[in-house]
Structure formats: C-alpha cells, structure tokens
Number of protein chains: 2
Amino acid sequence: MRPAYQRVADSLRADIEAGRWQPATKLPSEHTLAQTFEVSRTTIRQALDVLESANVIRRQQGKGTFVAAQGVSHVLGDLKSFTDTLRELGKQPGIRDVSVAIDDDPPADATTFLRGSRIWCVERVRTADGRAFCRMQSWLPDALAAGIAEDELLARQSLYALLADLSDERPAEATEVIRAEAASAEDSVALGVPKDTPLLSIYRWTSNHRGAPIEFVRSASPGDRYEYVIRLKQ
Amino acid sequence: MRPAYQRVADSLRADIEAGRWQPATKLPSEHTLAQTFEVSRTTIRQALDVLESANVIRRQQGKGTFVAAQGVSHVLGDLKSFTDTLRELGKQPGIRDVSVAIDDDPPADATTFLRGSRIWCVERVRTADGRAFCRMQSWLPDALAAGIAEDELLARQSLYALLADLSDERPAEATEVIRAEAASAEDSVALGVPKDTPLLSIYRWTSNHRGAPIEFVRSASPGDRYEYVIRLKQ
DNA sequence: CAGTGGTCTAGACCACTGT
DNA sequence: CAGTGGTCTAGACCACTGT
C-alpha cells in the first residue's frame with residue numbers, strides 16, 4: 001500500500017498532465033483537498049510538497065496553489081541519465097527511431113575527442129509521455145560501440161547502463177556546453193517541429209575515471225519542452 | 001522572528017560547517033532533537049528537510065540521520081559574475097543601455113521569489129569587445145535597490161560587487177534554469193538581432209547565506225554569441 | 001526486542017492577499 | 001473582513017534496522 005500522500009500527489013499530477021487543470025489554474029484550497037481526499041491537511045501538504053519540488057505546482061501564501069507551466073527539467077548535480085531524471089519527474093520515458101551505425105563523417109569535436117579510432121553514432125529520439133522532446137546523438141569509439149544492438153537499446157533505454165554492463169565503463173567526468181540553436185532540417189524531422197525553431201542543445205564530452213573518452217553527445221530539445229536546472233552553492 | 005524550524009536548521013548547519021559534527025557522524029534522533037530544541041518533532045523534521053535537500057545530511061529509515069560528505073559532487077560551477085567570466089575568456093567586457101527603475105509589473109517568478117516588497121528592475125546590455133551579447137534584467141527587492149545609481153553601475157559593471165559594498169549582501173546560493181527562447185520584440189531591439197532569433201536564456205534565483213532572496217535575473221543571449229560551459233564530476 | 005525515521009491525525013494560530 | 005498557505009503542537013502507529 002503506497003502512502004496516502006503519494007496517492008494524492010499521483011492523482012493531482014494525473015489531472016494536471018491530462019490537461020484537466022491547465023497551467024495557471026488555481027487548485028482547490030488545502031482545506032478543500034483534505035475534505036475531498038478524506039485525509040488530513042498535513043497529508044495534503046506532503047503531497048503538494050512533492051508536486052512543488054517537481055515544479056508541477058507553485059504555491060503563493062495568501063493567494064493559493066497554481067498549476068505551473070509544464071516542461072521537462074534536467075536537474076544537474078550528478079551524472080544521471082535522462083531516463084532516471086524523467087522517472088523522478090513522474091514522466092513516462094520512451095525512446096524511438098533508434099539507429100546504431102558507423103559514422104564516416106562525424107563532427108570535428110567527436111573526432112578530436114575520441115582520437116582516431118573508427119567512430120560509431122547511436123541516434124535516438126527521446127519521448128516523455130509519448131511526446132518527442134530530445135534528439136540525442138552519441139558518438140562512441142569502436143571498442144565500446146561494437147557490442148551495442150539496436151533492440152537492446154530500445155529495451156534498456158539507458159546507454160550508460162548498457163555500457164556499464166558491456167565494458168565496465170562508467171562516466172566519471174564530463175564537460176557540457178549549452179547553446180541555443182535553430183533547428184536544422186534533420187532536427188525538425190526528428191522532433192516534429194518547424195525548421196529554425198529555437199533548440200536548447202547540450203554537447204557533452206564524457207570520460208571514465210582514467211580520463212579515457214567514453215562518448216561525445218549532442219542532445220537537442222525544443223525550447224518549450226525542456227529546460228535545464230542547475231543549483232549552485234558557494 | 002524567523003520560524004523555529006529555520007532557526008533549528010541554521011543551528012545544526014552551523015555545527016556541521018564548523019566541523020563539530022564530522023561527515024558520517026550520526027546526529028541525535030529526531031525525538032532527542034525535539035527535546036533539546038524544545039520544539040515538536042514535526043518542527044525538527046521540517047528543519048531536517050531543509051538540510052536534506054541542501055545535501056547537508058542524509059536520512060536512513062531505521063538507522064538514523066547522518067552528516068553528509070561535504071564533497072565536490074554537488075558543488076558544480078561557482079557564482080562568478082559575467083565580468084569575471086568574460087575577462088577569463090580574454091574579451092573586453094562592456095555595458096550600455098543601463099536603466100534602474102521601479103517595476104510595476106514584474107514577472108510572476110520575481111514577485112514570488114522577492115515576496116511582496118516593491119520590486120525594482122535593473123536592466124543592462126552587456127557587450128564583449130563592443131558587441132552586444134547579453135540582455136540582462138535583474139529584479140531586486142526595495143531594500144537592496146534603493147542605493148543603486150545608474151552611473152555607478154556603468155562605472156563598476158558588477159552588480160554583485162555593488163551590492164556587497166552597499167549592504168553586505170553576498171550571493172551564497174542560486175538556482176539557474178536554462179531555456180532556449182525566441183527573441184521578443186524588446187529582446188531584438190536590445191541585442192540588435194532579428195525577432196525570433198534563438199536565444200539562450202538563463203533565469204537565476206539568488207539568495208544570501210540565510211536563504212533570503214537577493215535577486216531574480218534573466219540573461220538572454222543570441223545562440224551564436226554565447227554558450228554555457230559546465231564541468232561535472234562524480 | 002528497542003530504536004530509528006516515515007506517515008498521519010486533528011486541531012491551533014500566524015502571515016499574507018484581495019474585497 | 002474571509003480565505004489562503006505557513007508554522008506548530010502532541011500525540012499515534014507503521015516500516016525498517018540491528019541486537
């Protein structure tokens with residue numbers, strides 16, 4: 001039996017995600033929700049805490065609780081896979097249009113980083129609740145890519161998990177560069193958006209604990225479907 | 001009067017940061033802490049929630065609450081000003097189109113974060129080697145903004161440096177959200193780019209060491225003139 | 001088994017908002 | 001003023017851990 005506050009949070013989240021409550025809509029007050037769900041106000045507040053930290057709602061003292069603008073956020077802080085991040089946000093992660101192939105003409109950054117070996121490209125389109133939100137291209141060295149089968153990627157969804165099994169390679173260090181770009185013709189087909197739509201593109205160079213390259217990645221997402229969150233501390 | 005749970009959290013945090021409790025040390029149980037601080041267990045749990053989400057402690061059901069490793073893993077990047085960042089890149093930082101005024105209709109995020117007081121907006125366009133690359137809008141609470149004069153901002157260039165002098169307010173914590181957006185009409189005038197050009201927009205919520213809000217900022221830069229670099233380590 | 005954190009109740013009063 | 005979310009109390013029982 002799941003705790004009551006989680007069932008309340010799930011129920012509210014489902015209503016919001018199904019569009020029964022639109023962004024900026026005011027939710028019923030905590031007292032009203034307590035009566036509706038037949039639990040104490042404390043339990044309602046626990047449920048709302050969950051939704052607030054997932055950026056599903058926003059609370060304003062004296063005014064009320066409102067449905068937040070929706071979007072997927074990537075919370076930085078460790079080297080988490082997209083799959084993990086999405087699950088934490090309560091979205092159903094999916095994947096489609098997988099291809100694994102030798103890339104005879106990889107981008108210059110990939111060639112430089114992966115140093116000479118034959119280069120493979122793993123391409124995937126990531127979905128959240130069935131909707132495309134990220135075109136992901138990973139360039140890998142020959143040694144790592146050889147064991148990757150397309151159907152496994154579809155089933156497993158996490159490239160990092162697969163690499164860990166295949167070769168004991170774990171990402172230990174990465175540099176990311178974030179840019180705003182206009183969608184190319186290929187991007188627009190993969191993501192189903194008009195050409196030149198603003199995309200948030202993240203380029204990532206990932207190495208193992210010995211500093212050897214694991215992959216060079218480009219992830220491109222439409223600006224209205226993805227945002228990137230960073231917490232900084234001095 | 002600050003709420004009791006915040007005072008408890010501050011007290012525990014101070015003990016940990018002063019090294020009186022080393023990493024991996026087990027804290028007194030919640031029941032014991034409630035007696036020590038003479039508050040209810042609920043209030044202790046609120047305080048521990050704060051410290052847990054700040055990664056200061058970790059809780060394990062059935063075992064106890066432990067001081068977290070104070071390592072690098074969650075401290076990613078630092079709170080550097082644009083001026084510092086540009087200088088490191090060997091560009092000549094500049095500033096133009098400064099305005100400081102009360103904002104009667106600030107964005108909802110600013111209102112929520114700065115909580116109620118009259119809100120000021122400091123707007124600037126940042127240049128690198130004379131070329132506009134960033135439109136920066138900072139929303140500040142009344143108490144902080146009152147002392148800011150436009151000519152000082154032009155001369156000093158760093159809002160953080162100015163705030164530190166005026167009020168001893170230093171940024172200690174921030175959350176950033178990065179999005180790709182299409183340039184609005186105002187953006188296109190400020191930056192000299194066509195409307196709907198892809199912009200990299202960074203929203204930042206900055207607090208001092210007591211968690212009080214200092215500013216909410218939006219920085220918007222054309223995708224071809226700015227990129228954001230992050231180094232991650234596990 | 002005792003001790004821990006996790007969940008939950010049924011209240012109370014406070015701070016803030018808008019009428 | 002009424003209505004909202006924010007804080008707080010003093011309990012209770014549950015789930016998990018280690019002896």
Side-chain angles (χ1 to χ4, degrees), chain A residues 1-12 16 21 24-68, chain B residues 1-12 21 24-68 104-106 108-119 141-143 207 210-213:
Chain A
M1 186 65 160
R2 308 188 70 212
Y5 77 92
Q6 283 182 28
R7 281 180 283 120
V8 172
D10 288 348
S11 167
L12 292 173
I16 289 167
W21 279 323
T25 307
K26 185 173 172 175
L27 295 188
S29 76
E30 296 178 351
H31 288 97
T32 308
L33 289 170
Q35 287 170 0
T36 308
F37 285 96
E38 297 181 308
V39 295
S40 71
R41 193 179 151 220
T42 308
T43 300
I44 293 295
R45 283 186 62 80
Q46 271 182 292
L48 295 181
D49 284 344
V50 170
L51 297 179
E52 188 177 34
S53 51
N55 286 309
V56 173
I57 59 164
R58 291 188 201 291
R59 295 197 273 196
Q60 281 181 272
Q61 187 173 9
K63 296 180 89 172
T65 301
F66 302 86
V67 178
Chain B
M1 186 64 160
R2 308 190 70 212
Y5 78 92
Q6 283 182 29
R7 281 180 282 120
V8 172
D10 287 349
S11 167
L12 293 173
W21 279 324
T25 306
K26 185 173 172 176
L27 295 189
S29 76
E30 297 179 352
H31 287 97
T32 309
L33 288 171
Q35 286 170 0
T36 308
F37 284 96
E38 296 180 310
V39 295
S40 71
R41 192 178 151 221
T42 308
T43 299
I44 293 296
R45 283 184 63 80
Q46 273 183 291
L48 295 180
D49 284 344
V50 170
L51 298 178
E52 188 177 33
S53 51
N55 287 308
V56 173
I57 58 165
R58 291 188 200 290
R59 295 197 273 196
Q60 282 182 271
Q61 187 173 10
K63 297 180 88 172
T65 302
F66 302 86
V67 178
D104 291 323
D105 188 26
D109 283 328
T111 312
T112 306
F113 183 58
L114 301 175
R115 273 174 249 150
S117 78
R118 195 160 57 160
I119 291 175
D142 206 32
S207 307
R210 291 186 310 277

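Chain identifiers are assigned alphabetically (A, B, ...) following the order of the sequence lines, protein sequences preceding nucleic acid strands; residue numbering begins at 1 within each chain. Any value given below was found using the heavy atoms of this structure, including those in side chains, with hydrogens, waters and symmetry copies removed.
Among the duplex regions that DNA chain D forms, those built from at least three successive Watson-Crick or G-U pairs under 3.5 Å are C:1-18 with D:1-18, ordered by first number.
Every residue was checked against the side-chain hydrogen bond (donor to acceptor under 3.5 Å, both in side chains) condition with B:Gln61, not counting sequence neighbours, and none meets it. Under the side-chain hydrogen bond (donor to acceptor under 3.5 Å, both in side chains) criterion, B:Ser11 pairs with no residue, sequence neighbours left out. Under the side-chain hydrogen bond (donor to acceptor under 3.5 Å, both in side chains) criterion, A:Thr42 pairs with no residue at all, not counting sequence neighbours. With sequence neighbours excluded, the residues forming a side-chain hydrogen bond (donor to acceptor under 3.5 Å, both in side chains) with A:Gln6 are A:Arg2, listed by chain and number.
In this structure, the side chain of B:Lys26 engages the main chain of B:Lys63 through a donor-acceptor pair within 3.5 Å.
Heavy atoms only, all atoms of each residue included: B:Thr111 and B:Ile119 are closest at CA-CD1, 3.8 Å. Minimum interatomic distance between B:Ser40 and B:Ala34 (heavy atoms only, all atoms of both residues): C-CB, 4.0 Å.
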*If the sugar-phosphate is the primed atoms plus P, OP1 and OP2 and the base is the rest, what is the B/S/- string for nucleotides 5-12 of chain D, using protein heavy atoms under 4.0 Å?*
BBBSBB-B
